[in-house]
Amino acid sequence: MKNQEESRCENCIVRQLNSLKALNKEELKRISDSKVAKTIKKGDSIFTEGERLNGVFCVRNGVSKLSKMSDNGKDTIVKIATKGEVLGQRSVITEEKTNLSAVALNDMEVCFIPKTHLTDSINNNPHFTKAILLHMANDLKFADNVIVNMAQKTVKQRVAETLMYLDKNFGVDDDGYITMTLTREDIANVVGAAKEACIRTLTTFKKNGWISTDGKQIKIEDKKALYRLVEGL
């Protein structure tokens, strides 16, 4: 009974992390009555680029990668989406095909919310509309920063920045390794570099004593060194 109550949108603390916090009680009740809870296994697709969505996915637990396929077939990760993110929001609102693909990096729990209720709330709740606009503005700001990093920072700087981001946002385990484990190819796709260049960079960091590795796991040994590299000091 308690789990059922906590799964209701009215009682879910996850919505405080996104635009759904601007909905009123009646709107939350309608969404809660129609939403579908789903479990997405690691490596499975939530949606693919070019797909038309009939609703959005609110992340209750887990992490996914949002990526775009280039004309030459290279996958570029544009964002790591975590708990509280609403996936597919822009595509549903604009009624366009998805511009990105979303794949689970670990086992996830998401709630699928039909677009009808979102559309109704956008038309009738100005607070919700404003919350969505702010969310999209932040996404654009994030995208601007990614473009600048690609143009102005070296591969080493981008790899260092990615490791620091993962360390800060996902924390470390009891042995000090970053809990969010990405493959070398995923890291390369995040920084916009070839996999080989990413591996060489990590090897250099390891030789310098800045990081240590155990298989795919990475531990930052010298945060100050990585920070100086990122800042060009």
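Not measured: the values here are computed from a predicted model.
Note that the CE atom of Met108 and the CG atom of Asn61 stand 9.0 Å from one another [nearest 0.5 Å]. To the nearest 0.5 Å, atoms CG (Leu53) and CD1 (Ile93) are separated by 12.0 Å. In this structure, CG in Leu182 is found 8.0 Å from CD1 in Ile218, a value given to the nearest 0.5 Å. Here the straight-line distance linking atom CE of Met164 with atom CG of Leu226 works out to 6.5 Å at 0.5 Å rounding. Atoms NE2 and CG, on His135 and Asp139 in that order, are 4.0 Å from each other to the nearest 0.5 Å. Note: Arg30 CZ to Asn24 CG = 7.0 Å, rounded to the nearest 0.5 Å.
Judged by distance alone, with hydrogens and angles left aside, the side-chain atoms of Arg158 form no donor-acceptor pair with the main-chain N or O of Ala188 at under 3.5 Å. Thr94 places a side-chain N or O within donor-acceptor distance of the main-chain N or O of Arg90, the cut-off being under 3.5 Å. Side-chain atoms of Arg184 never come within 3.5 Å of backbone atoms of Ile199 as a donor-acceptor pair (strictly under, hydrogens ignored). Looking only at distances, a side-chain donor or acceptor of Gln157 sits under 3.5 Å from a matching main-chain atom of Leu229.
Lys206 meets the side chain to side chain contact (heavy atoms under 4.5 Å, CB included) test with Ile211, Thr213; sequence neighbours excluded. For Asp44, there are no side chain to side chain donor-acceptor pair (under 3.5 Å) partners at least two apart in sequence or on another chain.
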**Message:** Between Met180 and Asn106, is the side chain to side chain contact (heavy atoms under 4.5 Å, CB included) condition met? List the steps.
**Reply:** CA-CA 9 Å; Met180 174 47 58; Asn106 53 21; 3.7 Å; yes
**Prompt:** Asp222 and Asn208: side chain to side chain contact (heavy atoms under 4.5 Å, CB included), yes or no, with the steps?
**Reply:** CA-CA 9 Å; Asp222 192 340; Asn208 291 342; over 6 Å; no
**Message:** Lys153 vs Val230, test: side chain to side chain contact (heavy atoms under 4.5 Å, CB included). Steps then yes/no.
**Reply:** CA-CA 8 Å; Lys153 292 186 178 180; Val230 171; 3.8 Å; yes
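Between Gly209 and Glu221, the shortest heavy-atom contact is O-CB, 3.4 Å.
Hydrophobic clustering keeps Met69 apart from Phe47 (ILVMFWY residues linked when any side-chain heavy atoms are closer than 4.5 Å, directly or through intermediates).
Leu140 has its side chain out of reach of Met136: every pair of non-hydrogen atoms, C-beta onward, lies at least 4.5 Å apart. Between Leu87 and Ser64 the shortest side-chain heavy-atom distance falls below 4.5 Å.
Residue pairs meeting the ring pair (Phe, Tyr, Trp, His ring centres under 6.0 Å) criterion with at least one member in residues 92-115, sequence neighbours excluded: Phe57-Phe112.
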Check residues 166-174 and write down every donor-acceptor pair under 3.5 Å in which the side-chain atom is one partner and the other belongs to a residue at least two apart or another chain.
residue: Asp167; atom: OD2; partner: Lys223; partner atom: NZ; Å: 3.0
residue: Asn169; atom: ND2; partner: Tyr165; partner atom: O; Å: 2.9
residue: Asp173; atom: OD1; partner: Asp175; partner atom: N; Å: 2.9
residue: Asp173; atom: OD1; partner: Gly176; partner atom: N; Å: 2.9
residue: Asp173; atom: OD1; partner: Tyr177; partner atom: N; Å: 2.9

Please tabulate, for the side chains in residues 96-103, all donor-acceptor contacts under 3.5 angstrom to protein atoms that are two or more places apart in sequence or on a different chain.
residue: Thr98; atom: OG1; partner: Thr48; partner atom: O; Å: 2.7
residue: Thr98; atom: OG1; partner: Gly50; partner atom: N; Å: 3.0
residue: Thr98; atom: OG1; partner: Glu51; partner atom: N; Å: 3.0
residue: Thr98; atom: OG1; partner: Glu51; partner atom: O; Å: 3.3
residue: Asn99; atom: OD1; partner: Lys68; partner atom: NZ; Å: 3.0
residue: Ser101; atom: OG; partner: Glu49; partner atom: N; Å: 2.7

Just list the side-chain donor-acceptor pairs under 3.5 Å for residues 118-128, sequence neighbours left out, or say none.
residue: Thr119; atom: OG1; partner: Lys115; partner atom: O; Å: 3.0
residue: Ser121; atom: OG; partner: Glu27; partner atom: OE2; Å: 3.3
residue: Ser121; atom: OG; partner: His117; partner atom: O; Å: 3.1
residue: Asn123; atom: ND2; partner: Thr119; partner atom: O; Å: 3.2
residue: Asn124; atom: ND2; partner: Asp120; partner atom: O; Å: 2.8
residue: Asn125; atom: OD1; partner: His127; partner atom: N; Å: 3.0
residue: Asn125; atom: OD1; partner: Phe128; partner atom: N; Å: 3.1
residue: Asn125; atom: ND2; partner: Ala22; partner atom: O; Å: 3.2
residue: Asn125; atom: ND2; partner: Glu27; partner atom: OE1; Å: 2.9

